[in-house]
Student: 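Next up is a structure, given as structure tokens.
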Amino acid sequence: MNTISNIGVFTSGGDAPGMNACIRAVVRTAVYEGKKVTGIYHGYQGMLDGTFVEMNSRSVSNIIQKGGTILKTARCIEFRTPEGRAKAYENLKAQGIDGLVAIGGDGTFTGADFFSREYDIPVMCIPGTIDNDLYGSDYTLGYDTATNTVIDAIDKIRDTAASHGRLFFIEVMGRDSGCIALNAGIAGGAEAIMLPEKETAIDELIDLLERAAFKQKTSTIVIVAEGDKNGGAYNVAKRVKEKFDYYDTKVSILGHLQRGGSPSSFDRVLASRMGYAAVKHLLQGKTRMTVGLRGNEIILTPLEEALNNKEFKLSNDMLEISQIMAI
Ligand code: F6P
């Protein structure tokens, strides 16, 4: 046990607010435990290119409040091949890295799964994605911040929507996950929310909007998750407009602004807890695990279990709340 001497840390896939706070926690916990830490730039791509940097407590000063990731990130096609992974292993070995902490989403976890089956390097995974779509944790890093960013945008759009009496379609991120859409929709008082997990037919939406118009609402906001099956906010707006041409309809795609910004207090603390736990468990001999939050407890889930399961994070109550609050 505790034979690890040099922990490699990297971020991979889409960046998320809180990744820097997590890198900081990994580095400082490793330093506290008397270990070397090596930052790997550009995720798996950096393992292939050998872009390594030795880190210490000062390398992570003043980053807890910063969005993005100081280690940069990438989606790496070559790492998906056995040859790519062999090259990565040789580079890590030459650098003396004998343990890994990976921060990212589903693709990052999949890469870690393949790599740690093939090569004897212990690895711990930390869920970092604004989508909150990973099994094994109630919350992923960045999700809380992104949701707050969306709420801020909804509030601002509501001001102009109410002033003009307009119908707005706001598209939010979430390729397969409606977490941001549902939670920000409830918090922003949306009249309707369209989710990838629960299809809403256009006719159903039109009925709902007709009822809202009948109730003399001064503005209407429909949140459309990027992964909604009707094909995004522009398509939904176009189809609604065909039936509802008297409505002054506008579309706002929030896009990548949801990925940036200073992490919320929740994300900073979660990142600190997860980074700390990943290093502690790695040094206790754990490998192929993901770190997660259940209730207020930090837990571990076997990587394989995390990858083979989907967690439905939208409760029926939340779905009903979103509808009742819009009446
Ligand atoms: O997975 C996070 C995420 O922001 C998704 O919500 C979105 O669909 C995707 O990444 C966008 O990816 P990219 O930044 O590569 O366009």
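No experiment lies behind these values; they were computed from the predicted model shown. Counting convention: from 1, in listed order, for ligands and their atoms alike.
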Student: Could you list the cluster mates of Leu134? Members are the ILVMFWY residues connected by side-chain heavy atoms closer than 4.5 Å, either directly or through other members.
Tutor: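 Other cluster members: Phe109, Leu303, Leu307.
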Student: Between ligand 1 and the protein, which N/O pairs fall short of 3.5 Å?
Tutor:
| unit_1 | atom_1 | unit_2 | atom_2 | d |
| --- | --- | --- | --- | --- |
| ligand 1 | 1 (O) | Asp131 | OD2 | 2.9 |
| ligand 1 | 4 (O) | Arg259 | NH1 | 2.8 |
| ligand 1 | 6 (O) | Asp131 | OD1 | 2.7 |
| ligand 1 | 6 (O) | Asp131 | OD2 | 3.3 |
| ligand 1 | 6 (O) | Gly174 | N | 3.3 |
| ligand 1 | 8 (O) | Glu226 | OE1 | 2.9 |
| ligand 1 | 8 (O) | Glu226 | OE2 | 2.8 |
| ligand 1 | 10 (O) | Arg259 | NH1 | 3.1 |
| ligand 1 | 12 (O) | Arg75 | NH2 | 3.1 |
| ligand 1 | 14 (O) | His256 | NE2 | 2.8 |
| ligand 1 | 14 (O) | Arg259 | NH1 | 3.0 |
| ligand 1 | 14 (O) | Arg259 | NH2 | 3.0 |
| ligand 1 | 15 (O) | Arg75 | NE | 3.4 |
| ligand 1 | 15 (O) | Arg75 | NH2 | 2.9 |
| ligand 1 | 16 (O) | His256 | NE2 | 3.3 |

Student: Mind telling me whether Tyr119 and Phe115 have parallel, tilted or perpendicular rings, with 30° and 60° as the class edges?
Tutor: tilted
Student: Tell me the closest heavy-atom pair linking Ile180 and Gln258, and the distance in Å.
Tutor: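 Taking every non-hydrogen atom into account, CG2-OE1, 4.3 Å.
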Student: Quick one about Asn148 and Ser264 (side-chain donor to acceptor, distance below 3.5 Å, no hydrogens or angles considered), yes or no?
Tutor: no
Student: Sort and list the pairs that fulfil side chain to side chain donor-acceptor pair (under 3.5 Å) and have at least one residue in residues 300-310, not counting sequence neighbours.
Tutor: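 Sorted result for residues 300-310: Tyr135-Glu305.
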Student: According to side chain to side chain donor-acceptor pair (under 3.5 Å), does anything in residues 229-239 pair up with another residue at least two apart or in another chain? List the pairs.
Tutor: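 Those involving residues 229-239 are Asp228-Asn230.
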